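Every chain is numbered from 1, with letters handed out A, B, ... down the list of sequences. Predicted model only: the values in this text are computed from it and were never measured.
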Amino acid sequence: MPELPEVEIAARHLRRWAEGRRIERVTTDPRAARIFRPGSRVAFARALSGARLLRVDRRGKHLLVTLADRRRRPIGLWSHLGMTGKWVLRAWADEEPGHARVRLELDDGHALLYLDPRLFGRQRLVPAADFAALPEVAALGPDPVHDGIDPARLAEGLRATRRPVKVALLDQAILAGVGNIHASESLFAARIDPRCIGRSLSDAQFRTLARAIAASLRRGIESQDGPEIAYVEEPGAENPFRVYARDGERCPRCRREPIRRIVQAQRSTFFCPRCQA
DNA sequence: ACCCGTGTTCGCTG
DNA sequence: TCAGCGAACACGGG
């Protein structure tokens, strides 16, 4: 699921569902051992059972959950959703959906379930006081929501590499939270060719791009932030994006050229060859 | 059957 | 030494 907007929504949901709640029982999927490495799923379950969930933070695409164990000692849960991970809420008695890798039974009759078919996500116990010291977190660039996007700093990051600007936008060390969808969407909004290298862009273009990224992520968050629902399963949802996965369709801006799909760094990029010249 | 996928890490190479 | 590249991870859907 996740780029920054989905992870932000996940954080809000976890707060509403579980902040202040006690975890009464933990079960994990034996086939999902890789999710918990280098720790073990057994140790994971033992540490969290009886713990109380205190707060949920987000940096980039990383979820940082602070809990207190039975003796009120702090525990940190570092959670990354990978490509297909999601947290959902179910009542204890509900039938469990497929690919449930973690089940945290709360003291209010509900259970938090971590679903992840492809097992690219990670759930790891860490020192709660020290999330910022985690190598994965320490390596992140500024978070667009918490820190804003400084055009000069963005320019510095994107000009320091020879990778195409679309590829560099996926580098979490330059800016944390942009993924494959919002990279294409932001460059389209800023009318920047995804194939060009940062060095060829002007300061004005970086200012435009910084605003475009912020707007794209904000729109992503707003479109998903709705009234409380226990879980979301949309069967036939419309594609809410302007170019992403719209190759072959007419460009929504110039209405002349079809949107093109190219592959960069093994990922699809979508753009209008006319608007993004 | 085959291709594709909202992410990241690892090992090789020049 | 290190930036950049491609493979790998694993599974479902079109």
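If you find the closest nucleotide of DNA chain C to A/T161 and to A/Q266, the one lying nearer the 5' end belongs to A/T161. In this structure, A/P117 and A/R162 both approach DNA chain C, and ranking their closest nucleotides by distance from the 5' end singles out A/R162.
Separation of the P atoms belonging to B/dT9 and C/dG12 is 24 Å when rounded to the nearest angstrom. Taking the C1' atoms as reference points, C/dC5 lies 22 Å from B/dT6, given to the whole Å.
Using the six-membered ring where Trp is involved, A/F241 and A/H182 have ring planes that are perpendicular, over 60° apart on the 30 and 60° scheme.
Atoms CE (A/M83) and P (C/dA10) sit 14 Å apart, rounded to a whole Å. The separation between A/R34 atom CZ and C/dA8 atom P is 14 Å, rounded to whole Å. Distance NE2 (A/H80) to P (B/dT8): 4 Å, rounded to an integer number of Å. Between the CD1 atom of A/I181 and the P atom of B/dC4 there is a distance of 17 Å, given to the nearest Å. With rounding to whole Å, A/L4 atom CG is found 11 Å from B/dT8 atom P. At whole-Å resolution of the value, CZ in A/R101 and P in C/dC9 are 16 Å apart. Regarding A/L115, its CG atom lies at a distance of 16 Å from the C1' atom of C/dA10, rounded to whole Å. Regarding A/W78, its CH2 atom lies at a distance of 7 Å from the P atom of B/dT9, rounded to whole Å.
The phosphate of B/dC4 has neither OP1 nor OP2 within less than 4.0 Å of any side-chain N or O from A/R267. Phosphate proximity of B/dT6 to A/K61: absent, as no side-chain N or O sits under 4.0 Å from OP1 or OP2. Proximity of A/H99 to the phosphate of C/dC11: no side-chain N or O atom is located under 4.0 Å from OP1 or OP2. Contact check, A/Q172 against B/dG7: no side-chain N or O comes under 4.0 Å of OP1 or OP2. In this model, the phosphate group of B/dG5 is approached by a side-chain N or O of A/R261 to a distance below 4.0 Å at OP1 or OP2.
Using a 4.0 Å heavy-atom cutoff across all strands shown, A/T84 reaches no nucleic acid atom at all. A/H182 comes within 4.0 angstrom of no nucleic acid atom, judged by non-hydrogen atoms across all strands.
Between A/S216 atom OG and A/R211 atom CZ the span is 14.0 Å, to the nearest 0.5 Å. Here CG of A/L209 is found 9.0 Å from CG of A/L175. Values are rounded to the nearest 0.5 Å.
Remark: A/R218 does not engage A/D225 in a salt bridge, criterion side-chain N to carboxylate O under 4.0 Å. Note on A/R59 versus A/D143: no salt bridge recorded, every NZ/NE/NH1/NH2 to OD/OE distance being 4.0 Å or above.
Clustering ILVMFWY residues whenever any of their side-chain heavy atoms sit less than 4.5 angstrom apart, transitively, puts A/L14 in the very cluster that holds A/L89. Note on A/I181 and A/I149: separate hydrophobic clusters, where clusters join Ile, Leu, Val, Met, Phe, Trp and Tyr whose side-chain heavy atoms are under 4.5 Å apart, directly or indirectly.
Where pairing requires Watson-Crick or G-U contacts shorter than 3.5 Å, the helical stems of DNA chain B with at least three consecutive pairs are B:2-5 with C:11-14, B:7-14 with C:2-9.
Under the stacking criterion of a centre-to-centre distance below 5.5 angstrom and an interplanar angle below 30°, A/F120 sits stacked against the six-membered ring of C/dC9.
For A/R118 and B/dG5, a side-chain-to-base donor-acceptor distance below 3.5 Å is present, hydrogens and geometry of angles not being considered.
Checked options A/Y114, A/W78, A/F44; the residue passing with A/F36 is A/F44 (criterion: ring-ring contact (aromatic ring centres under 6.0 Å, His included)).
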